[in-house]
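Remarks on the structure that follows.
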Amino acid sequence: MKRTSKKNRTILVLEDEQSLLGVIKAKLEKEGIRVLTSRSVEKAFSSDLKKSKSGGITLNSVKTALKHVEDLEQVDAIWLDHNLVGEENGLDFVTKFKRNAGHWSKIPIFVVSNTADPDLVKTYIRLGVNKYYVKAENRLDTIVADIHSSLSHA
Amino acid sequence: MTPVIANILMDKELAHKKEIADSQAALLNVLDDQKRDSEKILKKKAVDEAILASIGDGLVVVDKEGKITYVNQSFEKMLGWSSKEVLGKRIVAVVPREDEKGEVVPFNERILNRVLRGEVVVADLTNPFYYIRKDKTRFPSSSIVNSIVLDGEIIGVVETFRDITKEKEIDKAKTEFVSLASHQLRTPLSTINWYTEMLLTGDVGKLNAEQEKYLNEVYRGNQRMVGLVNALLSVSRMDLGTFIFEPEPTDIPLLVRSVLDEQMPHIIQKGITVFPALGTNIPLIQVDPKLLRMVVQNLLSNAIKYTPEKGKIEISLTLTNQKKCLLFTITDTGYGIPKNQQHKIFQKLFRADNVREKDTEGTGLGLYIAKAIIDNSGGKIWFESPSSNYVEGEENTGTTFYVELPCKLLEKNK
């Protein structure tokens, strides 16, 4: 089907919960999407680079994630949780990303969080994220399908 | 002069002298009493002043021109001004008052001045304000202002106020706790949701029928938890008063239709027929659409849940009261609400016996939340359930819920 065009797609997933990271990665990979994961914004880059079996790269900080994006990959979309490991949260990531990332700042960001605070949602939208999902109120496959169709129309 | 006359004269003089002496003594007594009374009054005045001075709340009294005639020790302590420095000065000049954002309240809008003019002012507790101290720092304050009336005339105003910094901090902590707790509760729920979804869609291998059945039960149980956490979060926010109402001009018929579409799968599954009469020419109404949506969702889902298969639900939107109010009604042919439990129906976590027997699901919080939303929007919500003697196979009168949105909301848009 459309599998071939999806093969080149890479998504960076920023999520602090290991178990959720696991299922999100599994679902995205089932759809043929390459997944980079990260749990926080903080930790230093080099010491934490690990290659997983499938060729994906697992990181442990958002600072790392930012560097990663800068240095290497063509990331097609970002899946971002609000609460992350370390001092900085998703809002900090978006602010920095939009400010520093140059042409990367066009990369769509999908915020997937369990915080439903309306002020927070508004802030994210104002910063230019594509959509905000409340985890507990959405099926995983719905979010994945949504992100898919945005990528195909990119 | 004969001795007799001399004696009489002497007696008269003695009597006269005695009279004077008696009068003097009486006068001295009166003066004594007065002195004692004076002392008592002075003593009482001193005690009264000591009481006023010691009142924990700040106290300030102003005259008809708004000039300070008295301040107590708490005033001095809280604001940093000594009594001597402020007596005779206009209070609104000595103690500026500003809102959260730092905008100073203008003189003629100050409550003190309004009360002096004879206005009755009811404090707006949702609008915190701050008093500015002598050293220009500020603190959040809560105050009560009343006019002093003597012989039917306003002779001044008295205000008591307190520093509510601590209370505000506690409130903030409670709100943050509720937010954090709900997030923490939702995380494991999301984990269960998503892993179960993947199992059910066959992403990790094919399931046999029984496995699928069991997993569906797990999923449903989890969904109920999610609903409960959401409801608890709403209830908490409502109780804390941190629920924010953001009214905007809303197309109510559109909103109702959208909720209907959303719940259509369940309606079809139960074979229920819906008769919507959503009105024509209903103007836009100033309400918070997110919150009103919650109310409509709750009433509709209740009607569906508590009506057996192949039942009927009627929905209508009409303008009433000379087209000044909007009335939303929803009638079902369901189980009804038992008469002896009707008074409890809006209570937190209450579910009537008849629906619990029927083994339907519900948090018991939906109507509590709905009522809180409608009450806070200035509207009314009520119901009629003539009988709850549900008879299988017959058409039952079920329950009708009414929501009236306040008339002034419509007037604003005319």
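Just so you know, these numbers use all the heavy atoms, side chains as well, and skip hydrogens, waters and symmetry mates. By convention in this document, chain letters (A, B, ...) are assigned in the order of the sequence lines, proteins followed by strands, and residues within each chain are numbered from 1.
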Could you grab the distance from atom OG1 of A:Thr115 to atom NE2 of B:His183, nearest 0.5 Å is fine?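 So the gap between those two atoms works out to 4.0 Å.
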
Just verifying a value: how many Å separate B:Ser190 OG and A:Asn114 CG, rounded to the nearest 0.5 Å? 3.5 Å

Nearest heavy atoms of B:Thr191 and A:Ser19, plus distance in Å: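 Heavy atoms of B:Thr191 and A:Ser19 come nearest at CG2-OG, 3.7 Å.
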
If we define contacts as heavy-atom pairs under 4.5 Å, which of B:Leu233, B:Thr187, B:Leu189 has the most with chain A?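 Highest number of pairs under 4.5 Å: B:Thr187.
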
Is it the side chain or the backbone of B:Ser182 that comes within 4.5 Å of chain A heavy atoms, both, or neither? neither

Which atoms of B:Glu246 are under 4.5 Å from chain A, going by heavy atoms: the side chain, the backbone, both sets, or neither? side chain

Is A:Val112 in contact with chain B via its backbone, its side chain, both, or neither, using a 4.5 Å heavy-atom distance?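 Contact with chain B involves the side chain of A:Val112 alone.
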
Tell me, side chain or backbone of A:Ile143 under 4.5 Å from chain B's heavy atoms, or both, or neither? side chain

Taking atom [atom1] as the centre, does [X] end up with more than 12 heavy-atom neighbours from other residues, nucleotides or ligands that are less than 6.0 angstrom away?
{"X": "B:Lys305", "atom1": "NZ", "value": "yes"}
{"X": "B:Arg293", "atom1": "CZ", "value": "yes"}
{"X": "B:Arg220", "atom1": "CZ", "value": "no"}

Residue list, side-chain hydrogen bond (donor to acceptor under 3.5 Å, both in side chains) with B:Asn230, at least two apart or on another chain: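 With sequence neighbours excluded, B:Asn230 shows a side-chain hydrogen bond (donor to acceptor under 3.5 Å, both in side chains) to A:Glu137, B:Arg186, given in chain and number order.
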
With respect to chain B, which residue among A:Asp119, A:Asp117, A:Asp141, A:Asn83 yields the maximal number of heavy-atom pairs within a distance under 4.5 Å?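 The option with the most such pairs is A:Asn83.
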
Suppose a student defines contact as a heavy atom less than 4.5 Å from any heavy atom of chain A. Which residues in residues 194-203 of chain B would they list?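 Interface residues of residues 194-203 of chain B: B:Trp194, B:Tyr195, B:Glu197, B:Met198, B:Thr201, B:Asp203.
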
